[in-house]
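Remarks on the structure that follows.
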Amino acid sequence: MAFVKSVGDFFGLDIGTNAIRVVQLSGNPGNWSLSHYGYAPIDSKTSASDSPEARRRLGEVIMTAIGQSGIKTRDVAIGLPSQKTFTTVIDVPTMSEAELRNTIKYQIDQYIPMSIDEAKVDWKLLGQSLHDPKQQEVLLTSTAINYSEDRLELVEGLGLNVIAAEPEPIAMIRSLLPTGLADARLIVDMGDQSTDLAITFGDAPRLVRTIPVGLSSLLKAIVQNLNVQEDQARQFVLKFGLAPDRLDGQVLKALDATLDNFASELTKSVKFFQTRYPNTPVGGILLAGYASSIPRFNEYVAGKTGIATEAANPWQKVRVSQNDQQQLLPIMHEFATVVGLAQRSGKS
């Protein structure tokens, strides 16, 4: 998947459930600058539909975002939704990368949840195993060939040249993870329909999963428990958040069951990671997407998990002009995936 057909100027494209986002950067790792960006809202029914009319409309919105951005290159790196991809880390005996390349193709089918004939698979050697020095770890990702080809057909049908396709959780790590960390981090990126989780060590994922709780789950709970309309529920959660002293704590009470389930999934992920890597502590939780923009959400997660929690900044490695910062401010938290795609290099 994370294949690269050419190296040069390109931009990242995130086809989200509620918006299309495009970003082009200049410079290189450690010296990125924002060159162009675009953002175009889209109806979630359109982005989820496979009908010819929905695909035509989706293509129009993609081109609107690109046109708005001023991007001229046709080369693009695209994100593949976590719900359409499978990512895992496996242990293999220590051998050269050339030997691994020759042998891993015969082992892949035992690790992925579909027939090898129906899957597009990519892998990356992470290095020596963190828990068994006689083994080395390999990051394995896969997606259905049918889905991959369908997405390529959509994007390339717009006159673009797809140089890379990458699972969204892998891309978000690139933008959200600070450099030089000595311990592991749990990254939590909440979208509209689901939340991507990744526990990293070094600059690589060691555990990747998706849980079916997103902003829409929170809004549904508020609508049901407080008997309000969805737009009012959205205002409640994004303005007042989980503060116990706002609206008499009604929002927090309305979300209690949903958030408890959400927090238990975070705890379960940390426990699974620490069972596999008992000598590698999870030193913090980084919140992105809606999880970073809901007031007091970090305090709630820290209280439930016992792990220090803070909002992550997808733009932390990118210089952004004052004017662009002001324009992006209301939506900056939504750009983790697309900034990560734009930060790809031929070696990523």
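Side chains included, hydrogens not; waters and symmetry mates left out as well; all remaining heavy atoms used.
- No side-chain donor-acceptor contact under 3.5 Å links Glu310 to the backbone of Asn298.
- What you find for Pro295 and Lys239 is that their closest heavy atoms are CG-O, 3.6 Å.
- In the hydrophobic clustering of this structure, Leu176 does not group with Trp32; members are Ile, Leu, Val, Met, Phe, Trp, Tyr whose side-chain heavy atoms approach within less than 4.5 Å, directly or through other members.
- Criterion: ILVMFWY side-chain heavy atoms under 4.5 Å apart, direct or through other members. Under it, Phe272 and Leu139 are part of a common hydrophobic cluster.
- Put simply, the side chain of Ile15 reaches to within 4.5 Å of the side chain of Val155, judged on heavy atoms.
- When every heavy atom of Tyr300 is checked against every heavy atom of Asp260, the shortest pair comes out as OH-N, 3.4 Å.
- When the shell of 6.0 Å around CG of Asp203 is examined, it contains 12 or fewer heavy atoms from other residues, nucleotides or ligands.
- Looking only at side-chain heavy atoms (C-beta outward), Val301 and Val188 stay at 4.5 Å or farther from each other.
- Taking the side chain as every heavy atom from C-beta outward, Arg101 and Trp123 approach each other to under 4.5 Å.
- Within the model, atoms CD of Gln316 and CG of Leu286 stand 8.0 Å from one another, a figure rounded to the nearest 0.5 Å.
- A distance of 5.5 Å separates CG of Leu252 from CG of Leu242, quoted to the nearest 0.5 Å.
- Contact detail for Leu197 and Ser269: the closest heavy-atom pair is CD1-OG, 3.5 Å.
- In terms of heavy atoms, Leu328 sits closest to Val320 at CD1-CG1, 4.3 Å.
- Cluster membership for Ile116 and Val138, using ILVMFWY side-chain heavy atoms within less than 4.5 angstrom, is shared.
- Residues meeting the ring pair (Phe, Tyr, Trp, His ring centres under 6.0 Å) test with Tyr290, sequence neighbours left out: His333.
- Between the His36 side chain and the Gln24 main chain, no donor and acceptor come within less than 3.5 Å of each other.
- Between the side chain of Glu156 and the backbone N or O of Val162 there is at least one donor-acceptor pair closer than 3.5 Å.
- Looking only at distances, no side-chain donor or acceptor of Glu230 sits under 3.5 Å from a matching main-chain atom of Val223.
- Counting heavy-atom neighbours within 6.0 Å of Asp248 CG, excluding the residue itself, gives a total of 12 or less.
- Side chains of Thr73 and Asp9: no donor on one and acceptor on the other come within 3.5 Å.
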### Task
Go through Arg319 and Asn31 one step at a time and tell me if the side chain to side chain contact (heavy atoms under 4.5 Å, CB included) criterion holds.
CA-CA 8 Å; Arg319 281 196 301 274; Asn31 192 34; 2.9 Å; yes
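- In this structure, the side chains of Ser293 and Leu238 come closer than 4.5 Å at one or more pairs of heavy atoms.
- In this structure, Thr94 contributes its side chain and Lys134 its backbone to a donor-acceptor pair below 3.5 Å.
- In this structure, Leu215 and Arg234 have side chains that are in contact, with non-hydrogen atoms separated by less than 4.5 Å.
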#### Entry: Lys304 and Thr309: CA distance, side-chain angles, deciding distance, side chain to side chain contact (heavy atoms under 4.5 Å, CB included) verdict
CA-CA 10 Å; Lys304 287 287 187 176; Thr309 303; over 6 Å; no
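- Leu181 is connected to Ile187 through a chain of hydrophobic side-chain contacts under 4.5 Å among Ile, Leu, Val, Met, Phe, Trp and Tyr, so both are in one cluster.
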### Task
Check step by step if salt bridge (charged side-chain N to carboxylate O under 4.0 Å, His left out) holds for Glu53 and Arg57.
CA-CA 6 Å; Glu53 174 59 24; Arg57 176 61 185 146; over 6 Å; no
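- Although no hydrogens or angles enter the test, the distance criterion places a donor-acceptor pair under 3.5 Å between the side chain of Thr143 and the main chain of Lys84.
- Heavy-atom contacts from other residues, nucleotides or ligands closer than 6.0 Å to CG of Asp50 number 12 or fewer.
- Within the 4.5 Å cutoff, side-chain heavy atoms of Thr258 are placed close to those of Leu218.
- If you take OG1 on Thr200 and CD1 on Ile173, they are separated by 6.0 Å, rounding to the nearest 0.5 Å.
- Listed for the Ser49 side chain is no donor-acceptor partner under 3.5 Å among the backbone atoms of Lys45.
- Across Thr17, Ile62, Asn18, Leu58, a single residue satisfies side chain to side chain contact (heavy atoms under 4.5 Å, CB included) together with Ile42, and that is Leu58.
- Rounding to the nearest 0.5 Å places CG of Asp132 at 7.0 Å from CG of Asp91.
- No side-chain donor-acceptor contact under 3.5 Å links Thr195 to the backbone of Ile211.
- You'll find the side chain of Arg276 stays beyond 4.5 Å of the side chain of Leu207, heavy atoms only.
- Salt bridge annotation for Lys120-Glu149: absent, with no cationic side-chain nitrogen under 4.0 angstrom from a carboxylate oxygen.
- Sparse packing is recorded around CD of Gln229, with 12 or fewer heavy atoms of other residues, nucleotides or ligands lying under 6.0 Å away.
- Of the possible polar contacts, one joining the Glu99 side chain to the Ser96 backbone as a donor-acceptor pair under 3.5 Å is found.
- In the hydrophobic cluster analysis, where Ile, Leu, Val, Met, Phe, Trp and Tyr join through side-chain heavy atoms closer than 4.5 angstrom, Val338 is grouped apart from Leu13.
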#### Entry: Glu137 vs Arg206, salt bridge (charged side-chain N to carboxylate O under 4.0 Å, His left out): CA-CA, chis, key distance, verdict
CA-CA 9 Å; Glu137 291 183 317; Arg206 308 292 169 160; 2.5 Å; yes
### Query
Given the rule in the side chain to side chain contact (heavy atoms under 4.5 Å, CB included) test, do Val22 and Val76 qualify, once you have shown the distances and angles that lead to the verdict?
CA-CA 9 Å; Val22 295; Val76 60; over 6 Å; no
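- Phe262 meets the ring pair (Phe, Tyr, Trp, His ring centres under 6.0 Å) test with Phe297; sequence neighbours excluded.
- Between Pro133 and Gln128, the closest side-chain pair of non-hydrogen atoms falls below 4.5 Å.
- Note that CE of Met95 and CD of Gln135 are 8.5 Å apart. Values are rounded to the nearest 0.5 Å.
- Of the inter-residue distances, the one linking Leu247 atom CG with Phe236 atom CZ reads 5.5 Å to the nearest 0.5 angstrom.
- When every heavy atom of Gly12 is checked against every heavy atom of Leu341, the shortest pair comes out as CA-CB, 4.0 Å.
- Checked against salt bridge (charged side-chain N to carboxylate O under 4.0 Å, His left out), Glu334 has the following partners two or more places apart in sequence or in another chain: Arg21.
- Closest non-hydrogen pair, Val318 versus Ser33, comes out as CG1-C, 3.8 Å.
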### Check against side chain to side chain contact (heavy atoms under 4.5 Å, CB included), Met332 and Trp315
CA-CA 8 Å; Met332 288 186 88; Trp315 302 92; 3.5 Å; yes
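- The backbone N or O of Ala336 lies less than 3.5 Å from a partner atom in the side chain of Ser175, making a donor-acceptor pair.
- Side-chain contact annotation: Ser115 with Glu118, donor-acceptor N/O pair under 3.5 Å absent.
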